[in-house]
Amino acid sequence: MIRLLKKMRGKEWLMAILCAVLVLGQIYFDLRLPDYMSNLTVLIKSPDSTMSDILRTGAEMLGCTLASAVLCVICGFLTAKVAAGFGFSIREAVFNKIADFGQQEMMSFSVPSLINRTTNDITQVQMLVSMGLQILIKSPIMAVWAVIKIINKSWTLSMITAGFVVALLAMMVIIIVVVLPRVRRVQKLTDNINLVARENLTGINVVHAYNAEAYQNEKFEKANVTLMNTQLFNQRTFAILMPAVTLAMNALSLVIYWVGAAIVNNVPAADMALRLSTFSDIVVFGTYATYVIMSIMMMVMIIMLMPAAQVSAQRICAVLDTVPHLQEGTETNAPEQGTVEFRDVSFHYPTTDKDVLCHISFTAKRGETVAFIGATGSGKTTLVSLIARFYDATSGEVLVDGRNVKEYTFDALYDRVGYVTQKAVLFSGSIRDNVLFGESHADGSDDTVRQSLALAQATEFVQKLPEGIDAPIAQGGANVSGGQKQRLSIARALARKPEILVFDDSFSALDYRTDAALRAGLDAQLKDTTRLIVAQRIGTIRHADKIIVLDEGRAVGIGTHDELMQTCPVYQEIAQSQLSKEELGA
């Protein structure tokens, strides 16, 4: 928690310090009131006191009360500003950190957990800062100050008060020790609820199509009941605190006045001045003792928030402390242009030791079209993801423009590579926003947008929209079809004007006519652009300059279509399953 507080900006620290000063002012005025009560008691019992003396003392009490109230309002305003600014700083830091994560870190944390850490966990910490900035300062200082005020008035009553305080503190410690592990579990169960709900909402059409509503409801109910039972235990345990503190406060007042009455009775009746002074001290002592218990009551409010906030702070720090596996290089220039080379590359995912790619070597020269084909799970997507450096090769080297991809700055690498993912991803905004998404060396003009849409065969459906390139795109591209989404995704890569284009099975959602028109346009307009194409259809890649056939992570064939039809059994099997006898003969 202390580490997160260091994220606060300078102006938040200044407001927090000012708030602490104002809290001290509140405590001063609040603790003056019992002294005035003592004076009033003496004035009322003294025969020679006047009404003006009583009114003056009452006015002073009213002034202290108003001063404390004004300071409380100002402090509340400053506290809200500090908490909001603190939440902003932490949320920004966490979001920026997550933006630097690679696939390995995303798999390690999981998306639902990262969403919870960015929202719910930060809210828990922000709530603690909002309440704690006043209470954590006010309650201990008020308790200590009140104890100092009463310590010399009566050792008997002081020991009684100390006994109540020790009992309450012991109970609070026991409750925290019991609840804290379960609070950690609550956070994990909340992640699980988020996971189940997100999975259900994302696949709602599949759920309806398979009549799986009952199954999904049962799965959600199981996670929900587990979370509810854990939270019920925590809340029931915390529910003991407030009644116990209230009972202790009232019991302490009763015991103080009971014992105090005995002390007053022991004072000789003839010594009226001493008896009045003792009575006044008992009244003041009772008030100060109540302040001590009230301070503990305020601490209880914080203690009910602190375990959850502490766990949330640890989860946030886990994100901020994570060092991304992929580290940025320093190079921006390259000795070549438009080339890709794999030198004996092998790769396995961090979660397993089994290689997904084994000793892959090939070279793609500038302007060439290199295609990858193979059975599902043969490693095609994994291979091209190494070019965009979503992962780093376990062994061997991946070179872009004659330089290892690890040596480039991220900006320099992604300016050279335009990557079209297997699953088309669009963002909320307009068509223009999606096509010009991100930063690149290409200009962001409307002409660039229209040229990219035309080359991606998307002009026809975009022109039919009333707003044209300003037409809105819903989150995830929910308001366009799969083929339209894929064409916009391709246009986004083309708009960057990269040296190397990577299509990760990006033509699968296109019909044959659109596929052929797109490939013809690429051949005509991007002759100097290197194209790497992952495909399932031989018709998409049969005219490629080089086809690499993958089988269980190994390159079992490299050559043109005609060469592979003669030498590669795996390619022959794929071709025979897709092409007619006439096409095979041709």
Side-chain angles (χ1 to χ4, degrees), residues 102-103 326-349 355-374 378-421 441 493 496-506 522-523 526-535 541 543-561 563-564 567-568 571:
Q103 293 295 321
L326 300 178
Q327 293 297 312
E328 188 174 17
T330 58
E331 297 292 336
T332 56
N333 299 318
E336 301 174 7
Q337 187 174 7
T339 62
V340 176
E341 183 179 358
F342 275 53
R343 292 180 183 172
D344 194 30
V345 171
S346 296
F347 173 77
H348 65 77
Y349 288 102
D355 282 342
V356 180
L357 297 174
C358 302
H359 305 291
I360 305 293
S361 297
F362 70 89
T363 300
K365 298 178 181 179
R366 182 182 182 186
E368 283 189 340
T369 299
V370 178
F372 305 90
I373 197 168
S378 59
K380 305 183 296 296
T381 294
T382 302
L383 187 149
V384 295
S385 70
L386 297 180
I387 301 170
R389 217 186 157 202
F390 296 155
Y391 297 96
D392 277 338
T394 306
S395 63
E397 288 188 295
V398 179
L399 289 83
V400 168
D401 289 353
R403 191 181 295 280
N404 194 312
V405 292
K406 298 178 183 179
E407 299 176 10
Y408 286 111
T409 64
F410 289 138
D411 287 345
L413 177 62
Y414 296 130
D415 273 345
R416 288 173 166 79
V417 179
Y419 194 94
V420 185
T421 55
H441 60 78
R496 299 178 66 83
K497 302 189 186 313
E499 301 170 8
I500 301 161
L501 276 170
V502 179
F503 298 98
D504 182 9
D505 199 13
S506 308
L522 294 174
D523 291 337
L526 301 178
K527 293 181 179 179
D528 293 332
T529 302
T530 306
R531 282 154 280 162
L532 305 175
I533 302 174
V534 172
I541 62 169
H543 299 297
D545 299 303
K546 189 182 297 180
I547 300 173
I548 298 173
V549 184
L550 296 177
D551 185 37
E552 295 185 356
R554 298 182 180 274
V556 296
I558 299 178
T560 63
H561 170 75
E563 292 170 348
L564 292 172
T567 61
C568 183
Y571 189 79

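In this structure, NZ in Lys546 is found 10.5 Å from CG in Leu532, a value given to the nearest 0.5 Å. Atom OG1 of residue Thr381 and atom CG of residue Leu386 lie 11.0 Å apart, to the nearest 0.5 angstrom. Expressed to the nearest 0.5 Å, how far CD1 of Ile547 lies from NE2 of His543 amounts to 9.5 Å. From Asp504, atom CG reaches atom CZ of Phe372 across 10.5 Å, with rounding to the nearest 0.5 Å. In this structure, Ile360 CD1 and Ile548 CD1 are separated by 8.0 Å, a value rounded to the nearest 0.5 Å. Between Asp551 atom CG and Ile373 atom CD1 the span is 12.0 Å, to the nearest 0.5 Å.
Arg403 contributes no side-chain N or O that, together with a main-chain N or O of Pro335, makes up a donor-acceptor pair within less than 3.5 Å. Not one N or O on the side chain of Thr363 forms a donor-acceptor pair closer than 3.5 Å with the backbone of Glu341. No donor-acceptor pair under 3.5 Å is formed between the side chain of Lys380 and the backbone N or O of Leu550. At least one donor-acceptor pair closer than 3.5 Å links the side chain of Thr394 to the backbone N or O of His348. A donor-acceptor distance shorter than 3.5 angstrom exists from the side chain of Tyr414 to the backbone of Ala388, with no hydrogens or angles considered.
Listed by chain and residue number, nothing satisfies the salt bridge (charged side-chain N to carboxylate O under 4.0 Å, His left out) test with Glu563 (two or more places apart in sequence, or in another chain).
Residue Gln327 comes nearest to Phe410 through the heavy atom pair C-CZ, 4.2 Å, listed as atom of the first residue, atom of the second, then distance. Scanning all heavy atoms of the two residues, the minimum distance from Ile387 to Val340 falls at CD1-CG1, 4.1 Å. Of all heavy-atom pairs spanning Pro498 and Leu501, the tightest one is CG-CD2, 3.7 Å. Leu383 and Leu357 get closest at one heavy-atom pair: CA-CD1, 3.6 Å. In plain terms, the two heavy atoms of Glu397 and Asn404 that are nearest each other are OE2-ND2, 3.2 Å. Residues Asp401 and Gln337 share a closest heavy-atom pair of OD1-C, 3.3 Å.
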Would you sort out whether Val345 and Val398 count as a side-chain contact (heavy atoms from CB on, under 4.5 Å), showing the intermediate values? CA-CA 7 Å; Val345 171; Val398 179; 3.9 Å; yes
Check the pair Asp523 / Arg531 against salt bridge (charged side-chain N to carboxylate O under 4.0 Å, His left out), numbers first and verdict last. CA-CA 10 Å; Asp523 291 337; Arg531 282 154 280 162; 2.6 Å; yes
Could you go step by step and tell me if Tyr408 and Arg389 meet the side-chain contact (heavy atoms from CB on, under 4.5 Å) rule? CA-CA 10 Å; Tyr408 286 111; Arg389 217 186 157 202; over 6 Å; no
Between Thr530 and Thr339, is the side-chain contact (heavy atoms from CB on, under 4.5 Å) condition met? List the steps. CA-CA 7 Å; Thr530 306; Thr339 62; over 6 Å; no
Test side-chain hydrogen bond (donor to acceptor under 3.5 Å, both in side chains) on Tyr391 and Thr382 and set out the steps. CA-CA 9 Å; Tyr391 297 96; Thr382 302; over 6 Å; no
Does the side-chain contact (heavy atoms from CB on, under 4.5 Å) test come out yes or no for Thr369 and Leu522, once each step is laid out? CA-CA 10 Å; Thr369 299; Leu522 294 174; over 6 Å; no
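Within a 6.0 Å sphere centred on CD of Glu336, other residues, nucleotides and ligands contribute more than 12 heavy atoms.
Ring pair Phe342/Phe347: centre-to-centre distance not below 6.0 Å.
Between Val556 and Cys568 there is a side-chain heavy-atom pair separated by less than 4.5 Å.
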